[in-house]
Amino acid sequence: MNEAETRHQDFIRQIVASDVAAGKNDGRVHTRFPPEPNGYLHIGHAKSICLNFGLAREFGGTCNLRFDDTNPEKEDVEFVDSIRQDIRWLGFDWDNEYFASDYFEQLYEWAVQLIKAGKAYVCDLTVDEVREYRGGWNQPGRNSPYRDRSVEENLELFERMKSGEFRDGERTLRAKIDMSSDNMNLRDPAMYRIRHATHHRTGDKWCLYPNYDWAHGQSDSIEGITHSVCTLEFEHHRPLYDWYIEQLGIHHPQQIEFAKLAVSHTMMSKRRLTELVTGGYVEGWDDPRMPTISGFRRRGFTPDSIRNFANRVGITKHNSVTDLALLNLCIREHLNKIAPRVTGVLDPLKVVIENYPEGEFEMRETAINPEDELAGTREVPFGRELYIERADFLVDAPKKFFRLTVGGEVRLRNAYFLKCNQVVKNEADEIVELRCTYDPQTAGGKAPDGRKVKGTIHWISAPHAIDAEVRLYDVLFENEDPSDVPEGQDWKDQINPNALVVMTNAKLEPMLADASAGDQFQFVRNGYFCVDSKDSRPGKPVFNRTVTLKDAWINEQKKGSVS
RNA sequence: UGCCCGAUGGUGUAAUGGUAACACAUCUGAUUUUGGUUCAGACAUUCUAGGUUCGAGUCCUAGUCGGGUAACCA
């Protein structure tokens with residue numbers, strides 16, 4: 001309970017706290033996370049998971065995992081498994097695991113109860129007819145001609161619906177509420193539809209499936225949920241859930257709605273994410289470009305960083321868009337503390353130090369993580385032939401370019417000052433090599449004569465370096481709001497073709513050959529990277545860029561190009 | 001067109017009738033053997049109009065703007 005008292009109280013936590021204080025539900029707090037297993041969890045679900053599990057944890061309550069599996073045509077065990085894995089990875093464990101399909105029998109009995117009470121009826125109207133009878137925002141609906149069937153007839157028909165006598169969509173069971181209600185959800189909503197489909201858990205036992213609205217509230221009730229937290233769009237379903245609960249006279253959970261997460265440059269629609277996967281626009285649900293939890297995991301995000309992000313975005317009742325920069329801040333913040341520093345030259349340029357003896361090497365000491373003294377130091381080889389980052393050299397350098405230029409001097413990190421004397425080009429006029437000299441007096445990076453250099457660049461000993469594939473990831477959508485599609489365009493036209501850039505010729509420190517899946521590093525000056533969990537092979541790792549380092553030079557360049 | 005919900009710096013949130021604050025972003029500067037980190041600073045906020053009150057971001061009324069909503073989806 002301490003955590004609940006000390007942390008900032010959003011409006012939901014305030015409600016829960018006051019309920020507990022008032023002794024409502026005997027002071028019990030019981031929440032649940034109720035995903036439909038029809039896709040992978042995304043960062044928006046992470047917000048909901050952190051809220052529901054967090055509430056239970058902070059108030060000494062419990063949190064269930066319940067799969068809302070009332071639509072056999074869309075759901076699959078693959079999704080059930082991925083959801084379990086993602087929640088655990090995020091650092092949460094559920095007290096009970098349930099499925100809405102566990103309650104099919106109970107729901108059926110309750111439906112019979114409502115029929116007997118004259119509160120539900122079997123309707124023969126087609127989908128189109130139902131729509132027509134429902135009326136519009138301005139005009140009330142009309143009663144279905146089947147609304148006044150006798151209880152006996154309804155009972156018999158409903159039984160026959162269950163036993164499979166009718167075709168898909170031929171009949172529905174509807175609640176008898178109010179066809180003139182301002183709330184469309186109350187205009188005799190469907191409770192059951194006929195679907196001769198195989199369910200991932202109940203198989204072919206049922207051909208009658210409860211609609212979400214008929215299943216959801218009662219599922220919460222059965223589980224003794226005290227606070228049913230959900231997103232805003234279910235606000236006008238609440239009166240319907242309340243109506244069902246009251247008719248049945250069962251435990252009444254309190255539904256509280258909050259605004260779902262939106263993040264800039266990020267597509268969160270489950271339907272569209274599914275389309276990205278099935279259409280082959282990405283390589284799968286766990287593609288590091290995806291905003292799925294598995295995508296973030298593979299990309300190198302830590303559970304800490306995502307939980308931290310979820311806590312920072314806050315809980316409110318109004319829709320807003322969180323800046324992607326906040327998510328990036330969260331992962332940088334964490335990785336800065338824990339990631340060992342290594343050298344990875346993504347786009348190598350050969351450097352030959354003409355005054356360094358051929359065939360000789362020395363070891364230079366380097367801090368494993370300057371943010372963590374306990375991490376210690378290690379040694380890396382230095383010799384006559386190195387690779388540096390191509391972007392760290394410029395022939396015609398602007399004043400503010402602090403890196404290597406012809407005739408200019410720069411510091412090689414943890415080593416010596418280096419001066420470039422000559423540029424070697426190939427027939428295509430491309431720079432292929434730099435002829436340089438180093439100053440042996442500057443061992444350790446300081447000149448005895450006190451002269452200074454502005455820049456420090458990273459390097460790697462050419463004969464020692466290993467080759468590796470490094471994948472540079474960027475936003476899947478360059479526009480802030482990917483759902484804002486220009487006239488005549490498809491949302492998929494806006495996919496950023498540079499969201500993945502593969503560097504096939506990167507030069508890495510030899511120790512990285514032994515890194516195992518998921519290991520995380522900072523490639524000094526380049527960003528945070530992790531070993532890809534799918535495509536890496538023993539001795540042949542593939543690295544994914546999780547996030548770049550903040551880069552003041554990029555901002556400087558932008559300013560230059562504008563002014 | 002009805003109904004429901006919402007509105008605080010560029011962005012995300014806080015202030016629960018009593019000095020509008022925090023974080024991100026941006027910009028300055030310092031430190032720095034990562035143009036990273038860290039540190040210091042700057043910029044900038046209550047949708048409008050009325051009302052209640054000694055006092056309103058907060059309560060009331062109206063308006064404006066935004067979102068949701070008429071699957072046998074969830």
Side-chain angles (χ1 to χ4, degrees), chain A residues 8-11 14 34-36 38 68-71 73-75 100 123 125-127 130-131 134-141 168-174 181-185 187 189-195 209 211-213 215-216 230-239 257 259 263-264 270-271 312-330 332-333 336-337 341 343 366-367 369-371 400-403 411-415 444-446 453-458 480 522-528 548-557 559:
Chain A
H8 159 67
Q9 296 239 315
D10 53 69
F11 79 98
Q14 286 176 36
E36 183 193 11
N38 68 342
D68 268 335
D69 55 350
T70 54
N71 185 349
E73 289 166 332
K74 289 188 177 173
E75 294 147 10
C123 183
L125 255 27
T126 64
V127 183
V130 167
R131 186 180 304 119
R134 186 157 33 227
W137 279 321
N138 264 343
Q139 74 267 43
D168 284 6
E170 207 174 328
R171 281 174 224 263
T172 55
L173 184 74
R174 294 226 261 161
S181 172
D182 286 332
N183 186 339
M184 289 292 174
N185 294 121
R187 319 248 266 221
M191 295 163 63
Y192 277 97
R193 75 286 208 184
I194 298 170
R195 283 296 113 90
Y209 290 96
N211 285 70
Y212 175 83
D213 280 346
H216 188 77
C230 67
T231 46
L232 253 27
E233 67 266 31
F234 293 105
E235 214 157 5
H236 19 293
H237 292 240
R238 178 155 33 93
E257 307 88 8
V263 181
S264 62
K270 222 171 175 181
R271 207 193 83 240
R312 287 209 221 193
V313 295
I315 307 289
T316 65
K317 285 198 73 159
H318 57 269
N319 295 307
S320 57
V321 181
T322 297
D323 196 334
L324 218 213
L326 185 64
L327 218 206
N328 287 338
L329 172 86
C330 290
R332 284 192 188 113
E333 219 169 56
N336 178 47
K337 292 280 184 292
R341 271 57 169 175
T343 302
T366 175
N369 184 352
E371 299 298 311
K400 291 202 171 176
F401 185 80
F402 302 150
R403 284 109 99 145
R411 175 165 39 230
L412 294 175
R413 192 167 185 272
N414 294 310
K446 284 196 176 64
V453 290
K454 275 289 234 181
T456 301
I457 64 173
H458 60 280
E480 278 187 32
Q522 182 193 108
F523 287 4
V524 167
R525 301 209 308 132
N526 271 323
Y528 296 99
T548 61
L549 256 27
K550 261 175 70 177
D551 191 343
W553 172 234
I554 283 184
N555 286 349
E556 198 62 46
Q557 283 172 303
K559 274 189 282 178

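Labels below follow one simple rule: chain letters A, B, ... track the order of the sequence lines, proteins then strands, and each chain is numbered from 1.
For A/Phe402, whose side chain is taken as the heavy atoms from C-beta onward, the closest listed nucleotide among B/rA74, B/rG68, B/rG35 is B/rG35. Here B/rG67 is the nucleotide among B/rU1, B/rG67, B/rU34 with the atom lying nearest to any side-chain atom of A/Asn319. With B/rC72, B/rC73, B/rG6 as the choices, the nucleotide that has an atom nearest any side-chain atom of A/His318 turns out to be B/rG6. Of all nucleotides listed (B/rA25, B/rU34, B/rA74), B/rU34 comes nearest to the side chain of A/Gln522. Listed nucleotides: B/rA74, B/rC3, B/rA14. Nearest to the side chain of A/Asp182: B/rC3. Counting only heavy atoms from C-beta on, A/Lys317 has its side chain closest to B/rG6 among B/rC72, B/rG6, B/rU11. Side-chain atoms of A/Asn138 lie closest to B/rG2 of the nucleotides B/rU34, B/rG2, B/rA14. The nucleotide whose nearest atom lies closest to any side-chain atom of A/Glu371 is, among B/rC24, B/rG36, B/rC73, B/rG36. With distances taken from any side-chain atom of A/Met184 to the nucleotides B/rC73, B/rA70, B/rG35, the minimum falls on B/rA70.
Residue-to-nucleotide contacts include a donor-acceptor pair under 3.5 Å from the side chain of A/Arg403 to the base of B/rG35. Taking 3.5 Å as the limit, the base of B/rU13 and the side chain of A/Arg312 contain no donor-acceptor pair of atoms between them. Taking only distance into account, the side chain of A/Glu235 never meets the base of B/rU69 through a donor-acceptor pair shorter than 3.5 Å.
When the P atom is compared between B/rG6 and B/rU13, the two are found 14 Å apart, to the nearest whole Å. Comparing B/rA71 with B/rA15, their C1' atoms are spaced 43 Å from each other, to the whole Å. Rounded to whole Å, the C1' atom of B/rU45 lies 24 Å from the corresponding atom of B/rU53. As rounded to the nearest Å, B/rA14 and B/rC54 have P atoms that lie 31 Å from one another. On the P atoms, B/rA7 is 12 Å away from B/rC60, given to the nearest whole Å.
Pairing of B/rU52, defined by two Watson-Crick or G-U wobble distances under 3.5 Å, is not identified with any nucleotide. Here B/rG6 sits opposite B/rC65 as a Watson-Crick or G-U wobble pair (both hydrogen-bonding atom distances under 3.5 Å). The pairing partner recorded for B/rU1 is none, the criterion being a Watson-Crick or G-U wobble arrangement whose two distances lie under 3.5 angstrom. The pairing partner recorded for B/rU13 is B/rA21, the criterion being a Watson-Crick or G-U wobble arrangement whose two distances lie under 3.5 angstrom. In this structure, B/rG29 and B/rC39 make a Watson-Crick or G-U wobble pair, each of the two defining distances being under 3.5 angstrom.
For the pair A/Thr231 (side chain) and A/Glu233 (backbone), a donor-acceptor distance under 3.5 Å is absent. Side chain of A/Arg195 to backbone of A/Asp168: no donor-acceptor contact under 3.5 angstrom is found. For the pair A/Glu75 (side chain) and A/Asn71 (backbone), a donor-acceptor distance under 3.5 Å is present. Put simply, the side chain of A/Asp213 never gets that close to the backbone of A/His237: no donor and acceptor are under 3.5 Å apart. Judged by distance alone, with hydrogens and angles left aside, the side-chain atoms of A/Thr456 form no donor-acceptor pair with the main-chain N or O of A/Arg413 at under 3.5 Å. Without hydrogens or angle criteria, A/Asp68 side chain to A/Glu36 main chain gives no donor-acceptor distance under 3.5 Å.
For NZ of A/Lys400, the number of neighbouring non-hydrogen atoms (other residues, nucleotides, ligands) closer than 6.0 Å is 12 at most. No more than 12 heavy atoms of other residues, nucleotides or ligands shown are found within 6.0 angstrom of CD on A/Glu480.
Nearest-nucleotide mapping onto RNA chain B: of A/Asp323 and A/Leu326, the residue sitting toward the 5' end is A/Asp323. Mapping A/Arg171 and A/Leu412 onto RNA chain B by nearest heavy atom places A/Leu412 closer to the 5' end of the strand.
Distances shorter than 4.0 Å separate some side-chain N or O of A/Arg193 from OP1 or OP2 on B/rA74. Remark: A/Arg238 is not in phosphate contact with B/rC4, judged by side-chain N or O atoms under 4.0 Å from OP1 or OP2. One finds no side-chain N or O of A/Arg174 lying less than 4.0 angstrom from the OP1 or OP2 phosphate oxygen of B/rA71. For B/rC27, one of the phosphate oxygens OP1 or OP2 lies less than 4.0 angstrom from a side-chain nitrogen or oxygen of A/Asn555. Note on A/Thr316: a side-chain N or O is less than 4.0 Å away from OP1 or OP2 of B/rU13. Contact between the side-chain N/O atoms of A/Ser320 and the OP1/OP2 oxygens of B/rU13 is found at a separation under 4.0 Å. A close approach under 4.0 Å does occur between a side-chain nitrogen or oxygen of A/Arg525 and OP1 or OP2 of B/rG35. Put simply, A/Arg134 has a side-chain N or O that comes within less than 4.0 Å of OP1 or OP2 on B/rA71.
Residue contacts for A/Val313: at a heavy-atom cut-off of 4.0 Å it reaches the sugar-phosphate backbone alone, with no base atom in range. Residue contacts for A/Arg131: at a heavy-atom cut-off of 4.0 Å it reaches the sugar-phosphate backbone alone, with no base atom in range. Contact annotation for A/Phe234: base contact, defined as any heavy-atom pair under 4.0 Å involving a base atom. Here A/Leu125 lies in heavy-atom contact (under 4.0 Å) with a base. A/Pro370 comes within contact range of at least one nucleobase, with a heavy-atom separation under 4.0 Å. A/Phe401 comes within contact range of at least one nucleobase, with a heavy-atom separation under 4.0 Å.
Counting heavy atoms from C-beta on, the side chains of A/Leu549 and A/Asn526 never come closer than 4.5 Å.
Spacing between atom CG of A/Leu232 and atom C1' of B/rG68 amounts to 7 Å, rounded to whole angstrom units. Atom-to-atom, CG of A/Leu329 to P of B/rU26 comes out at 11 Å; the value is rounded to the nearest Å. Here the C1' atom of nucleotide B/rG35 and the CD1 atom of A/Ile457 are 13 Å apart, to the nearest Å. Atom CG in A/Asn336 sits roughly 11 Å away from atom P in B/rC39 (whole-Å rounding).
An anti base is found at B/rA15: its glycosidic angle is more than 90° from 0.
B/rC3 has no stacking from A/Trp137 on its base ring, since the centres under 5.5 angstrom apart and planes within 30 degrees of parallel are not both found.
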